[in-house]
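Before any comments, here is the structure.
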Amino acid sequence: MDERTLDAIIARHDAPAGRLLGILGEIQNQEGYVSRETLEMLSEKVGVRISQLYGLATFYSYFTLRPVGDHVITICMGTACHVKGAVAILEALEGLLGIKSDVTDDGKLSITTIDRKFTVEIARCFGACSMAPVLRIDGNLYGYATPEDLPGILGEYGWKP
Amino acid sequence: MRIVSAADMEKVSRSGLRKIRPEKPRIAVGLATCGIAVGGMRVYDRIKEIIGEENPDIELARVGCIGYCREEPLVNITIPGKPLVILHRVTPGDAEEIVRAVEKGEVPVEKALCRIPLWDHITGCTQEYGAGFDGIPRYEDVPFFSHQKKVILRNSGLINPEQIDEYIAIGGYAAALKALSGMAPEAIIDEVEKSGLRGRGGAGFPTGLKWRIARNAEGDRKFVICNADEGDPGAYMNRNEMESDPHMVLEGMLIGAYAIGVSEGLIYIRAEYPLAIRRLQTAIGQAREYGLLGKDIFGTGFSFDIGIATGAGAFVCGESTALVASIEGRTGRPHPRPPRLTDPGGGLFGYPTDLNNVESWCNIPVIISKGSEWYAGIGAKGNSGTKVFSLVGKVDRVGLVEVPLGTSLNTIVFTIGNGGAGNKKVKAVQTGGPSGGCIPARLFDTPVDYESLNRIGSIMGSGGIVVMDEDTDMVDIARYFINFAASESCGKCVPCREGLKHTLLILNKILAKKATKKDLEILSDLTETIVATSLCGLGQTAPNPVLTTLAYFRDEYDALVNP
Ligand SMILES: Cc1cc2nc3c(=O)[nH]c(=O)nc-3n(C[C@H](O)[C@H](O)[C@H](O)COP(=O)(O)O)c2cc1C
Ligand code: SF4
Ligand code: FES
Ligand code: FES
């Protein structure tokens, strides 16, 4: 992240309450991950030790430390989605994208295809549980997903069989 | 413009009413997260394309959500003098037909779910839409709605959450005006105590009592915080409350802050709710413009403002001490209580702090406006008021269900939810999320109140109800929750960090059919130890899904283990 963008983010979070997570959250939202360089720059600018920032970035599952692909696909693994077959969605997605994760339902899962087009992550819940199972691609939610729907949905993002 | 008097309020109210019920027909599309997820935005865009940017004859608006998720996208239509009509399962392809009908003062009857001739917004305004459209079922006759009582969701889906004028037009901020300009702080706390309101975040602590403790705490700087972490995966009541009616949360906090004597408020909200965050930000900005937040509110000399702090995906941060640590920019690891948040030294930055759940705050304007007696008349003894539940999983009618406390699970799952989806047999429900338990169908006559649910091993929690049917494997469900809790454990204390890990290993072994009876014994012992010795609520309650499935679905475990 370039310095100007980071400065602007920091300026938006001037109140002490919620400051660090707010800044890290915006970095994550804009870049898709939090890079080491950005953490170092941030550490200097806000006067917080890098170890503390790193501690936050690893404790909280919202942050990813590795770069992501062009499109981020997030599969909900919340209770409603689990009951309605989220695991089958994840498996189908792995098949289509040719990736394999040893799924632990852990919030930090993040795998990227070799061509760096897609990153697959999992989330706890988007609050759209009534439409379970739900997946999100770049901020767009898809409800009532079935494995059969996936090729069509991925097609919207430039995926080809 | 600043609002300082009832007369100012009246002026804004009139402008809001012209938006809710313009002199021309209004088409309003339900645009909360779930509505958008199934194409609500495309419907909105298509209608806009047809009628054009500014149409002299039709008003197009965005509203929140009335909570009948299965029937989304929902669109409601108000033709002056006629009942409000809710259309369901609307697609962009229907837009043309809708617009053509509305142009003639009609609605497409075959798309109509129900009509609302009259709606009580509870906090001081009853909207009389009008008569007609007799061929369309009445709202009260729709089975999903007929057993509900909308107190918290009093405005959801009917007003534009991004227009403060509309909130004021249906009686919003009148309770705040009444409280700040005419009631002593102690009198407000008395009212809240007498109402019997208990915290909606899960534990059911009396809200008035918590306020009194916070008010009496030593210290000249204090905080109020709204807990909008909604960490239970499968629950989304709070999301809809904030997205559909954000000012109701702000108004509740304003009244509470005045009663406790606080000038700084915060909403701690999970980052996974971007739309709710945006709508809250908009609402806060609008409230400041009218002087409803900021300095010298209503000219009373009282000042209060609200900031937003975002979470970052850690379930444990819903716990009060972890939540405070998280806002302070630390990792969310709980500490033993006392000190409680309300104690000096225990709250945010060390200052006494009152923490309440989103839905707890939403009840406050109603209690002040209708009085504690009215409020206490709803629900059951010791459990007054209504509660919003998210009824999801393998149930036919999924959605947000608001009922008086004390309503039975049977009513919620069968009468309102219409039982299993696809005619499957309902086997159980899970309430209270990762801290709750699985309740078998034979116990569905249990009234949903704090004590009754505890008695059968579950908890009320924040209001998530996930329905399981004959195909659901209960041991797998137990494993799912333990896996969740194990990966969300903050790692501070051994019983939770190590105990849950081993619980998970045993459950994996059982599901792989490699376990013996002995393992089941270890499972019981281990989980009971975790309950008894963990430091915070996460560890103390995490075994509940195992304990309840062991108690009620023992046969499913037995079928998997070797002798
Ligand atoms: C692990 C854990 C997670 C929690 N998550 C939430 C939550 O997401 N939202 C919430 O309001 N309360 C949550 N709570 C309860 C809060 O700690 C607290 O009791 C509540 O916010 C108080 O508000 P109330 O009295 O209005 O219910 C959680 C508690 C624990 C132990
Ligand atoms: S019980 Fe679990 S979450 Fe709570 S403090 Fe201990 S390790 Fe952390
Ligand atoms: S459980 Fe998947 S969106 Fe809530
Ligand atoms: S459709 Fe709006 S809350 Fe579900």
Side-chain angles (χ1 to χ4, degrees), chain A residues 13-26 28-29 34 46 48 52-53 55-63 74 76-87 103-109 123-132 134-136 139-145, chain B residues 33-34 36-38 69-70 72 223 230-236 238-240 264 266 268 271-274 276 307-315 317 326-332 348-349 390-394 398-400 430 433-434 464 466-468 472 477 480-481 483-484 487-488 490:
Chain A
H13 296 268
D14 50 353
R19 183 160 191 240
L20 290 182
L21 287 186
I23 294 172
L24 288 171
E26 271 204 56
Q28 171 73 35
N29 287 348
V34 182
V46 295
V48 174
Q52 188 186 341
L53 294 178
L56 294 176
T58 49
F59 181 86
Y60 292 99
S61 62
Y62 193 71
F63 310 117
T74 314
C76 176
M77 286 284 163
T79 316
C81 291
H82 176 83
V83 172
K84 293 262 209 152
V87 174
V103 177
T104 57
D105 298 15
D106 184 298
K108 286 257 173 178
L109 172 102
R124 288 309 189 196
C125 177
F126 302 123
C129 326
S130 55
M131 280 131 202
V134 184
L135 63 117
R136 182 181 69 193
N140 303 315
L141 290 184
Y142 296 85
Y144 305 112
Chain B
T33 295
C34 346
I36 295 172
V38 289
C69 308
R70 190 188 74 170
E72 284 278 348
F223 287 95
E230 192 150 75
D232 172 359
Y236 57 100
N238 292 170
R239 177 196 48 75
N240 191 44
E264 292 169 87
L266 278 170
Y268 181 78
E272 292 83 349
Y273 285 175
I308 291 179
T310 46
F315 174 64
C317 287
S326 175
I327 298 179
E328 291 174 358
R330 293 183 284 123
T331 50
L348 185 61
F349 301 120
S390 54
L391 185 64
V392 294
K394 297 186 170 176
V398 289
L400 289 176
Q430 208 278 346
V466 183
V467 177
M468 328 249 161
T472 313
I477 292 298
Y480 166 82
F481 280 112
N483 186 23
F484 178 90
S487 56
E488 292 296 326
C490 83

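Lettering of chains follows the sequences in order, A, B, ..., and the numbering in each one begins at 1. Bear in mind the structure is a predicted one, so any value in this text is a computation, not a measurement. The figures here come from the full heavy-atom set of this structure, side chains too, leaving out hydrogens, waters and symmetry mates.
- Annotation: side chain of A:Tyr62 is in contact with side chain of B:Glu272 (closest heavy-atom distance under 4.5 Å).
- For A:Leu20, the part lying near chain B is the side chain, with the backbone staying farther off; criterion is any non-hydrogen pair under 4.5 Å.
- Rounding to the nearest 0.5 Å places OG1 of B:Thr472 at 10.5 Å from NZ of A:Lys84.
- Ranking B:Ala37, B:Cys490, B:Gly231, B:Ser390 against chain A, the residue ahead of the rest is B:Ala37, based on heavy-atom pairs under 4.5 Å.
- Contact annotation for A:Ala132: neither backbone nor side-chain heavy atoms come within less than 4.5 Å of a heavy atom of chain B.
- To the nearest 0.5 Å, atom CZ of residue A:Arg124 and atom CD of residue B:Glu488 are 4.5 Å apart.
- If you tally non-hydrogen atom pairs under 4.5 Å between each of B:Phe223, B:Phe315, B:Tyr268, B:Phe481 and chain A, the highest count goes to B:Phe481.
- You'll find the side chain of A:Val83 reaches within 4.5 Å of the side chain of B:Ile477, heavy atoms only.
- In terms of heavy-atom pairs under 4.5 angstrom with chain B, the leader among A:Gly139, A:Ser130, A:Gly143 is A:Ser130.
- The residue among A:Gly55, A:Ala80, A:Ala17 with the most heavy atom pairs within less than 4.5 Å of chain B is A:Ala17.
- Between A:Phe126 and B:Thr33 the shortest side-chain heavy-atom distance does not fall below 4.5 Å.
- With respect to chain A, the highest number of heavy-atom pairs below 4.5 Å among B:Pro434, B:Ala309, B:Gly329, B:Cys317 belongs to B:Gly329.
- For the pair A:Cys129/B:Arg239, no side-chain contact is recorded, criterion being any heavy-atom separation below 4.5 Å from C-beta on.
- Of the listed residues A:Gly22, A:Gly127, A:Ala128, the one with more heavy-atom pairs under 4.5 angstrom with chain B than any other is A:Gly127.
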